[in-house]
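To start, the structure under review is shown below, and the notes come after it.
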Amino acid sequence: AKAGGSAPRRSARRRSARRPANMGEVVTRFWDGAQEPPEDLKRLQAWPREDLIAAVERFKTQDRLSVRLAAFWRILKLADKDEATLVWSALGLREDASVDFLSVILPMVAMSKCELISRVTLMFSICDFNSNGSIKRSELFIGLRSLFKGLSRYFPKANVPSNEELEAAVEAIFKSIDQDKSGELELEEILTFGYRSKGTRALLSRFPVTDTRVFESLVHFSGLDDSRDRSRKQQLSKVETEMKSKLMLSPDPVVTVGGKPKRERPWKEPAVITKPKAFMLWALFTKLAKNNTIPCEHFGSFLGSRERVREGLEEAFDLLMASNGVECMKDERVKLIEKLKLHLESPDFVSRIKQYEDGQGISFRCLASLVWPTVPPKDISACLRWARQFQAFHILQELTRRKESALTNSEFDPNADGVKFDLTRDDVDALFEVLDADGDGTLTVKELVAGGLGADQAQQLMALWDRDRNNELNKGEIMSIIWGMNQVVRRQMKGMFAASVAAGASSRSEH
């Protein structure tokens with residue numbers, strides 16, 4: 001009797017052991033045996049980012065989460081009713097049925113032509129039902145359930161994870177990245193997770209990337225009035241309540257100390273990522289980057305040469321030493337270079353980089369997340385802030401190189417000046433992001449001094465480029481420095497434009 005009773009328990013234990021416990025296992029099991037989608041459903045694959053965002057905007061004008069055929073046709077802007085009906089039927093839906101639109105649009109984002117992390121940010125933005133920049137366990141669960149349920153319509157025979165398996169995957173994700181036990185995941189945490197997660201890459205890399213632009217920011221959708229917003233939130237609240245009751249989800253945990261909630265100290269600096277390390281990695285990134293990302297094929301070639309890696313790090317250190325904004329002693333040179341070199345040459349880092357395809361780009365956040373794969377997401381965010389600060393200080397140093405402008409010398413010729421600025425619009429954004437303390441879109445002498453300039457340098461910069469003489473610099477005035485768009489050049493361009501218009505008018509009159 002004992003032997004007969006123990007067999008089912010062993011079988012149950014084996015079944016439990018086989019149950020996917022994390023996102024990677026869920027994804028691997030999902031694709032096992034999955035067939036290619038029906039031809040009519042391929043119309044919903046490889047959509048561009050802009051069209052997906054527009055479709056979500058149209059969906060958000062509705063007062064419910066489910067849609068019928070007519071709304072489905074309107075939201076996706078399919079050619080005609082016949083095409084809409086073909087796609088609707090291919091999804092396995094009757095003409096009088098309705099479908100949860102999240103189970104349609106989330107798979108479309110996953111199968112889009114966008115860069116992988118751009119798909120992650122767009123899916124996060126869609127699942128952020130309250131539009132507050134963070135998602136709860138219930139929102140992540142609803143999003144994943146809709147994603148896999150929708151993908152199963154596109155790919156017959158796929159192994160759809162059960163609710164219990166998805167709940168376990170959600171718990172694993174929160175345990176991995178919700179370091180402060182807040183019960184919510186912010187976009188920055190999801191980005192770091194997305195760059196590191198092999199499961200996320202296994203899920204999305206099945207679909208080719210043709211749009212290599214990297215978008216790491218939240219998408220803010222418009223077109224939702226207050227009444228519809230309240231209605232949607234009521235529906236979502238009901239779904240969350242039912243889900244928690246059915247799955248017996250535990251409340252979001254709160255870590256307490258002495259009976260009081262424990263709060264993470266915001267001034268606590270990361271133990272692994274120091275400012276010099278962050279600045280050095282940023283300097284190396286700027287050396288290799290084009291259009292704010294490092295081309296994968298270029299980076300792979302760089303990593304393949306130990307000599308180039310060392311030379312790149314030595315140049316990055318020299319850039320730090322040339323900056324007065326970094327507290328870094330010369331005797332730390334060897335130690336810093338060797339530590340970063342070990343990270344860049346580690347087999348795990350190199351293998352992760354090899355997962356990227358030629359034509360794709362690696363952002364600075366991606367690079368930091370992979371170079372330091374075990375540090376919490378909040379430390380990666382601190383690394384980005386430090387790098388942004390150094391970037392802003394570097395820009396100020398560049399801007400102070402020019403000693404004259406058309407405002408101080410009417411005969412000033414920028415072409416004869418010999419000073420060239422190697423700066424971009426992103427550099428200007430970084431400058432204002434770091435220095436514009438009050439967020440009014442302008443920089444004052446006080447803010448420039450706080451950014452690292454001496455009082456005399458700040459006054460000189462203001463004298464050179466403050467066109468309207470209001471003792472503030474705006475982005476337009478800063479961009480004019482970079483592009484050399486001083487008054488002399490503008491007058492020349494205005495004259496050229498007037499001559500072109502006159503020539504065109506003369507040509508038309510002759511005809």
Side-chain angles (χ1 to χ4, degrees), residues 22-24 27 115-118 120 173 176-177 179 188-205 209 212 214 216 270-290 292-317 319-320 332-384 386-387 390:
N22 58 48
M23 191 65 177
V27 171
E115 166 65 54
L116 269 58
I117 205 65
S118 300
V120 171
I173 292 172
S176 171
I177 60 179
Q179 299 290 330
E188 290 184 341
E189 294 173 313
I190 288 291
L191 284 170
T192 301
F193 174 79
Y195 280 127
R196 293 171 173 172
S197 169
K198 294 181 180 179
T200 303
R201 180 161 293 277
L203 177 65
L204 302 179
S205 61
V209 174
T212 57
V214 174
E216 295 181 336
V272 175
I273 308 178
T274 62
K275 283 187 178 181
K277 288 181 183 177
F279 294 155
M280 271 195 71
L281 191 66
W282 178 84
L284 179 66
F285 174 82
T286 56
K287 169 184 169 62
L288 300 174
K290 295 180 179 178
N292 297 325
T293 61
I294 303 176
C296 288
E297 58 273 21
H298 179 43
F299 197 39
S301 174
F302 172 79
L303 293 175
S305 169
R306 294 196 170 192
E307 184 178 349
R308 289 186 64 190
V309 171
R310 178 175 292 280
E311 289 176 354
L313 290 173
E314 288 174 348
E315 291 179 16
F317 187 89
L319 177 60
L320 295 184
E332 293 185 12
R333 176 188 177 95
V334 174
K335 185 181 3 178
L336 275 173
I337 290 175
E338 287 303 318
K339 283 187 176 181
L340 275 178
K341 189 170 180 290
L342 284 174
H343 284 297
L344 292 172
E345 293 178 348
S346 71
D348 181 66
F349 176 75
V350 173
S351 67
R352 286 178 179 270
I353 293 298
K354 286 181 178 178
Q355 294 176 1
Y356 287 81
E357 300 176 0
D358 288 352
Q360 292 182 265
I362 298 171
S363 69
F364 182 68
R365 183 189 295 275
C366 175
L367 180 62
S369 298
L370 299 183
V371 166
W372 295 295
T374 59
V375 303
K378 64 181 179 62
D379 293 1
I380 298 296
S381 298
C383 173
L384 266 66
W386 289 339
F390 181 73

Legend entry - CA sep, side-chain torsions, deciding dist, call: F364, L281, side-chain contact (heavy atoms from CB on, under 4.5 Å): CA-CA 9 Å; F364 182 68; L281 191 66; 4.0 Å; yes

Inset, instruction - Rounded to the nearest 0.5 Å, what's the gap from CG on N292 to OG1 on T286? Could you check? - result: 10.5 Å

Inset, instruction - With sequence neighbours left out, write down each residue that passes side chain to side chain donor-acceptor pair (under 3.5 Å) with S369, or none if nothing qualifies. - result: none

Legend entry - Donor-acceptor contact below 3.5 Å, side chain E297 vs main chain G359: yes

Legend entry - Set of residues satisfying side chain to side chain donor-acceptor pair (under 3.5 Å) with respect to Q360, sequence neighbours excluded: E115

Inset, instruction - Indicate the atoms forming the closest heavy-atom contact of F299 with I362, along with that distance. - result: CD2-CD1, 3.6 Å

Legend entry - Heavy-atom check, side chain of T192 versus side chain of I177, under 4.5 Å: no

Legend entry - Heavy-atom closest pair, residues L370 and Y356: CD1-CE1, 4.2 Å

Inset, instruction - Would you indicate whether K341, at its atom NZ, is surrounded by more than 12 heavy atoms from other residues, nucleotides or ligands within a distance under 6.0 Å? - result: yes

Legend entry - Side-chain touch L203/M23, heavy atoms, less than 4.5 angstrom: yes

Legend entry - Between CD1 on residue I190 and OH on residue Y195, distance to nearest 0.5 Å: 13.0 Å

Legend entry - Pairwise side-chain contact, E189 with P376, heavy-atom cut-off 4.5 Å (strictly under): no

Inset, instruction - Would you confirm whether S197, through its side chain, and G194, through its main-chain N or O, come within 3.5 Å as a donor-acceptor pair? - result: no

Inset, instruction - Give the C-alpha distance, both sets of side-chain angles, the deciding distance and a yes or no for side-chain contact (heavy atoms from CB on, under 4.5 Å) between I353 and L303. - result: CA-CA 9 Å; I353 293 298; L303 293 175; 4.2 Å; yes

Inset, instruction - Determine, step by step, whether E216 and S363 satisfy the side-chain hydrogen bond (donor to acceptor under 3.5 Å, both in side chains) criterion, reporting the C-alpha distance in whole Å, the side-chain angles of both residues, the deciding distance to 0.1 Å, and the verdict. - result: CA-CA 9 Å; E216 295 181 336; S363 69; 2.6 Å; yes

Legend entry - From CA spacing to verdict: side-chain contact (heavy atoms from CB on, under 4.5 Å), W372, D379: CA-CA 10 Å; W372 295 295; D379 293 1; over 6 Å; no

Inset, instruction - Find the distance between CD1 (I294) and CG (L284) and round it off to the nearest 0.5 Å. - result: 6.5 Å

When the side chains of residues 306-314 are checked against the rest of the protein, which donor-acceptor pairs come out under 3.5 Å, sequence neighbours left out?
| unit_1 | atom_1 | unit_2 | atom_2 | d |
| --- | --- | --- | --- | --- |
| R308 | NH1 | S301 | OG | 3.3 |
| R310 | NH1 | E338 | OE2 | 3.1 |
| R310 | NH2 | E338 | OE2 | 2.6 |

Inset, instruction - With rounding to the nearest 0.5 Å, note down the distance linking SG in C383 to NZ in K277. - result: 10.5 Å

Inset, instruction - Taking the side chain as every heavy atom from C-beta outward, state whether I380 and E188 have any pair of such atoms under 4.5 Å apart. - result: no

Inset, instruction - With the side chain counted from C-beta on, respond yes when V120 and L204 share a heavy-atom pair under 4.5 Å apart, and no when they do not. - result: yes

Inset, instruction - To the nearest 0.5 angstrom, please state how far the CG atom of L116 sits from the OG1 atom of T200. - result: 9.0 Å

Inset, instruction - Measure the shortest side-chain to side-chain distance between F349 and H343 over non-hydrogen atoms and say whether it is less than 4.5 angstrom. - result: no

Inset, instruction - Working to the nearest 0.5 Å, report the span between NZ of K287 and CD of E315. - result: 3.5 Å

